[in-house]
Amino acid sequence: MQEELRGQVDGVGPGPSPDSARYVAGLDVAYDGDELAAAIVVLDGQSLVEVDRSIVLGRTGFPYVPGLFAFREIPVLLEALGKLSVTPDLLVCDGQGLAHPRRFGLACHLGVLTGLPTIGVAKNAFVGTFLPPAAERGASSDLVLDGEVVGAVVRTQKAVKPVFVSVGHRVDLATAVAHTLHLTPKYRLPETTRAADHACRSALTS
DNA sequence: GCGACAG
DNA sequence: ATCTTGTCGC
């Protein structure tokens, strides 16, 4: 399925610029055994103030298998997307986009299924090789797989572990990196990801 | 064959 | 992803 759908990915974009994106959404899922809670939090692209959110409780329907991660989270994320009252201009996914063994990680998959612009911002590398970016915030290096640049290793805070940014759908890599830096004025991870993480975690506890 | 492996 | 213990810093 991934090898078939990847042909529909638009990795050129260029996609909305950080200053033109009205609504930017963060998506995340928390687990407790086979119970799960998905959250999508939409922030105003300029003020980064929350404007909408959607929470869905459910049960795991697919195990975590490296390379097939999307099949675990996509069903519940699509359900949560359907409950939003606004349409995001960009989805910031917690995981990889093109930086995937078959070039079709969660961000690409969600982008193709929804038609919305998406990027992947992961906490860890999954595939590819890279040199550590300089210690300054904003520094970055190429993430290379089979001689091809599949993502960027981006330092979002000085001397802090970098994040792994890759194209999802309808956004180019440079724009994806620009969004990542725009969304990390203070912390390592995007405010969108942080907001969604907190939201699904508290929803699971409740 | 062995190790590594987004979340 | 989740869990646990300790440490650092605002």
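The chains referred to below are lettered A, B, ... by the order of the sequence lines, with proteins before strands, and numbering in each begins at 1.
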Practice prompt. Find the distance between CG (Leu183(A)) and OG1 (Thr192(A)) and round it off to the nearest 0.5 Å.
Written response: 4.5 Å
Fill in: Criterion side-chain contact (heavy atoms from CB on, under 4.5 Å) on Glu50(A) and Arg53(A), from CA distance to verdict
CA-CA 8 Å; Glu50(A) 179 175 335; Arg53(A) 72 163 59 194; 2.6 Å; yes
Practice prompt. Indicate, with yes or no, if Val153(A) and Leu98(A) share a hydrophobic cluster defined by side-chain heavy-atom contacts under 4.5 Å among Ile, Leu, Val, Met, Phe, Trp and Tyr.
Written response: no
Worksheet item: Can you tell me how far C1' of dA1(C) sits from NE2 of His198(A), to the nearest Å?
Response: 15 Å
Discussion item. Would you compute the distance between atom OG of Ser166(A) and atom CZ of Arg103(A) and round it to the nearest 0.5 angstrom?
Written reply: 11.0 Å
Practice prompt. Give the dot-bracket string for DNA chain B, reading 5' to 3', where a pair is Watson-Crick or G-U wobble with both distances under 3.5 Å, ( ) marks pairs inside the strand, [ ] marks pairs crossing earlier ones, | marks a partner on another strand, and . marks unpaired.
Written response: .......
Discussion item. Classify Leu68(A) by what it touches in the nucleic acid, base, sugar-phosphate, or nothing, heavy-atom distance under 4.0 Å.
Written reply: base
Worksheet entry | Whether Ser54(A) side chain and Ala80(A) backbone form a donor-acceptor pair below 3.5 Å | yes
Fill in: Salt bridge present between Asp10(A) and Arg170(A) (N-O < 4.0 angstrom)
no
Discussion item. If I take atom OH in residue Tyr64(A) and atom P in nucleotide dA1(C), what distance separates them, rounded to the nearest angstrom?
Written reply: 10 Å
Worksheet item: In whole angstrom, what separates Tyr187(A)'s OH from dC10(C)'s P?
Response: 12 Å
Worksheet entry | Thr156(A) (side chain) donor-acceptor with Leu181(A) (main chain) under 3.5 angstrom | no
Worksheet item: How many angstroms lie between CG in Leu68(A) and CG in Leu106(A), if you round to the nearest 0.5 Å?
Response: 12.0 Å
Worksheet item: Is the closest basic N to carboxylate O distance between Arg59(A) and Glu35(A) below 4.0 Å?
Response: yes
Discussion item. Need two values: the first and the last nucleotide of DNA chain B, 5' to 3', having an atom under 4.0 Å from any heavy-atom of chain A.
Written reply: dC5(B) to dG7(B)
Fill in: Spacing between Leu204(A) atom CG and dC3(C) atom C1', to the nearest angstrom
14 Å
Worksheet, complete the sentence: Here the distance between atom C1' of dA1(C) and atom CZ of Phe69(A), to the nearest Å, is 8 Å
Worksheet item: Checking all strands, does Ala125(A) fall into the base, sugar-phosphate, or nothing category for heavy-atom contacts under 4.0 angstrom?
Response: sugar-phosphate
Discussion item. Using a 4.0 Å heavy-atom cut-off, does Gly67(A) contact any base of the nucleic acid, only the sugar-phosphate backbone, or nothing at all?
Written reply: base
